[in-house]
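In what follows, a structure is listed as structure tokens, so that the remarks can point back to it.
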Amino acid sequence: MEQVTTKDVMEMFDLKLVSGQEGIGRHIAVSDISRPGLEMAGYFTHYPANRVQLLGKTELSFFDMLLPHERIERMKKLCSPETPAIIISHDMNVPEELKIASNEEHVPVLTAKMATTRFSSLLTNFLESKLAPTTAVHGVLVDIYGVGILITGKSGVGKSETALELVKRGHRLVADDCVEIRQEAENTLIGNAPKLIEHLLEIRGIGIIDIMTLFGASAIRSFKRISMVIDLEIWDKNKTYDRLGIEEEKMRIIDTDLTKNTIPVRPGRNLAVIIEVAAMNYRLKRMGVNAAEEFSNRLNDVISQNEDATY
């Protein structure tokens, strides 16, 4: 998980720092944003102090109705030691009571030009992306017919060579060797390449090649949602491989279960074509067309008819 500071938010959204400059390096630990309406009314029992506090026209118009001593008290409580930042939308004037309290507690107060709802939505998306749980997986990520496929397997099994063939067939490379994965939402995994090896592919015997230089910008993607996993393994004659595809194997990454297909590798098998078909079959299943289930139903019908004819 990345670390996000108030300064990062300020630079990202071009916010203006008004007071509490010493706290500009405070860390933002959660993506949730609080609009302290109840707090303006004096209810701080369940005040989420560790969230970014966003004040709009509603909160400030109510604040203007308070008595002078109430205004001072509310702003002192609002500026807690855990509060990463207080942001005021619509580029409105910051109350003097808030400036004084923020300077005392070193809580940065910033103003945004955008409307409250619009800014809240953009800031939430930004924080969820930056604070999402992350991991790294050894493999190759390729965009095939719009399906993000993570190709895994032991070193030397042919992952990069298969990815190169897929790129030659018009598909797009996202990452080779190391795939950084973050969970941006429930059941949503986004994969990308580390900056150091972005657009690069390693082929044993040739070395490192730049896919964008060789095949053009249309052959690469910066990131892609991961939909399924293809695990390549050396053919084991003693192992029974799935020939119907009725039961789906799953692979868990962070908190998401992904469909996993194990493809045995041996000379003569065109892995690129097999993975292309796996991607198309995945899309068909999501559209409600399942060839394995249809075959199983036909087989059951034939067996039932034979049993009826026997009796």
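All values reported here derive from a predicted model rather than from experimental measurement.
The closest donor-acceptor contact from the side chain of R252 to the backbone of L258 lies at 3.5 Å or more, if one exists at all. One N or O on the side chain of R26 and one on the backbone of H106 form a donor-acceptor pair closer than 3.5 Å. Under the 3.5 Å distance criterion, the side-chain polar atoms of D8 are matched with a main-chain donor or acceptor of T5. Although no hydrogens or angles enter the test, the distance criterion places a donor-acceptor pair under 3.5 Å between the side chain of T124 and the main chain of S120. The main-chain N or O of F215 is never found under 3.5 Å from a side-chain atom of K168 such that the two would form a donor-acceptor pair. A donor-acceptor pair under 3.5 Å links the side-chain atoms of D176 to the main chain of E202, judged by distance alone. For S129 (side chain) and F126 (main-chain N/O), no donor-acceptor pair under 3.5 Å exists by modelled atom type. Side-chain atoms of T162 come within 3.5 Å of backbone N or O of G158 as a donor-acceptor pair. Although no hydrogens or angles enter the test, the distance criterion places a donor-acceptor pair under 3.5 Å between the side chain of T6 and the main chain of P84. No side-chain donor-acceptor contact under 3.5 Å links Y282 to the backbone of V147.
Counting non-hydrogen atoms of neighbouring residues, nucleotides and ligands closer than 6.0 angstrom, the NZ atom of K195 reaches no more than 12 such neighbours. Other residues, nucleotides and ligands place no more than 12 heavy atoms under 6.0 Å from the CD atom of E186. Other residues, nucleotides and ligands contribute over 12 non-hydrogen atoms within 6.0 Å of the CD atom of E249. No more than 12 heavy atoms of other residues, nucleotides or ligands lie within 6.0 Å of CG in L196, so this atom counts as exposed by the packing criterion. Environment of CZ in R269: crowded, with over 12 heavy atoms of neighbouring residues, nucleotides or ligands closer than 6.0 Å.
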Subject >> salt bridge (Lys or Arg N to Asp or Glu O under 4.0 Å) between R74 and E39, intermediate numbers included >> reply: CA-CA 7 Å; R74 304 289 156 78; E39 287 76 10; over 6 Å; no
Subject >> Check against side chain to side chain contact (heavy atoms under 4.5 Å, CB included), N125 and S121 >> reply: CA-CA 6 Å; N125 291 338; S121 176; 4.0 Å; yes
**OP:** Take R71 and D64 through the salt bridge (Lys or Arg N to Asp or Glu O under 4.0 Å) test and state the conclusion after the steps.
**Re:** CA-CA 8 Å; R71 292 158 64 99; D64 290 337; 3.7 Å; yes
**OP:** Given side-chain hydrogen bond (donor to acceptor under 3.5 Å, both in side chains), test T83 with S80 step by step and report yes or no.
**Re:** CA-CA 5 Å; T83 304; S80 76; 2.7 Å; yes
Subject >> Working for side chain to side chain contact (heavy atoms under 4.5 Å, CB included), residues I226 and I190 >> reply: CA-CA 6 Å; I226 303 174; I190 306 296; over 6 Å; no
Subject >> Trace of the side-chain hydrogen bond (donor to acceptor under 3.5 Å, both in side chains) decision for S155 with R204 >> reply: CA-CA 11 Å; S155 181; R204 285 177 172 80; 3.0 Å; yes
Subject >> Worked verdict on E82 versus N50 for side-chain hydrogen bond (donor to acceptor under 3.5 Å, both in side chains) >> reply: CA-CA 5 Å; E82 295 83 23; N50 63 335; over 6 Å; no
Subject >> Check against side chain to side chain contact (heavy atoms under 4.5 Å, CB included), L201 and L164 >> reply: CA-CA 8 Å; L201 190 68; L164 179 60; 3.8 Å; yes
Subject >> Residue pair R51, I33: steps toward the side chain to side chain contact (heavy atoms under 4.5 Å, CB included) verdict >> reply: CA-CA 6 Å; R51 299 181 185 179; I33 297 172; over 6 Å; no
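Between L284 and M280, every side-chain heavy-atom pair lies at or beyond the 4.5 Å cut-off. Between H27 and V4, every side-chain heavy-atom pair lies at or beyond the 4.5 Å cut-off. At a threshold of 4.5 Å between non-hydrogen side-chain atoms, the residues I151 and L166 count as touching. V140 has its side chain out of reach of D177: every pair of non-hydrogen atoms, C-beta onward, lies at least 4.5 Å apart. Annotation: side chain of L54 is not in contact with side chain of S34 (no heavy-atom distance under 4.5 Å). Between L127 and D32, the closest side-chain pair of non-hydrogen atoms is not below 4.5 Å. Counting only heavy atoms from C-beta outward, the side chains of R172 and I220 never approach each other to under 4.5 Å. Between K113 and F119, the closest side-chain pair of non-hydrogen atoms is not below 4.5 Å.
Here CE of M12 is found 10.0 Å from CG of L123. Values are rounded to the nearest 0.5 Å. Rounding to the nearest 0.5 angstrom, the gap separating the OG1 atom in T152 from the CG atom in L232 is 7.0 Å. In this structure, CD1 on I230 lies 12.0 Å from CE on M251, to the nearest 0.5 angstrom. Note that CG of L15 is 13.5 Å distant from NZ of K7, once rounded to the nearest 0.5 Å. Here the CD atom belonging to E198 is positioned 10.0 Å from the CG atom belonging to L173, to the nearest 0.5 angstrom. Of the inter-residue distances, the one linking N103 atom CG with E22 atom CD reads 8.5 Å to the nearest 0.5 angstrom.
A salt bridge does not link K154 with E233: none of the charged nitrogens is closer than 4.0 Å to a carboxylate oxygen. Under a 4.0 Å N-O distance rule, the pair K76/E73 does not qualify as a salt bridge. Salt-bridge check for R182 with E184: passed, with a basic side-chain N closer than 4.0 Å to an acidic carboxylate O.
Taking the six-membered ring for Trp and thresholds of 30 and 60 degrees, Y43 and H46 have ring planes inclined between 30 and 60 degrees apart.
With sequence neighbours excluded, the residues that form a ring-ring contact (aromatic ring centres under 6.0 Å, His included) with Y145 are H171.
Judged as a side-chain hydrogen bond (donor to acceptor under 3.5 Å, both in side chains), the pairs with a partner in residues 211-228 (not counting sequence neighbours) are, in order, D143-R221, D210-T213.
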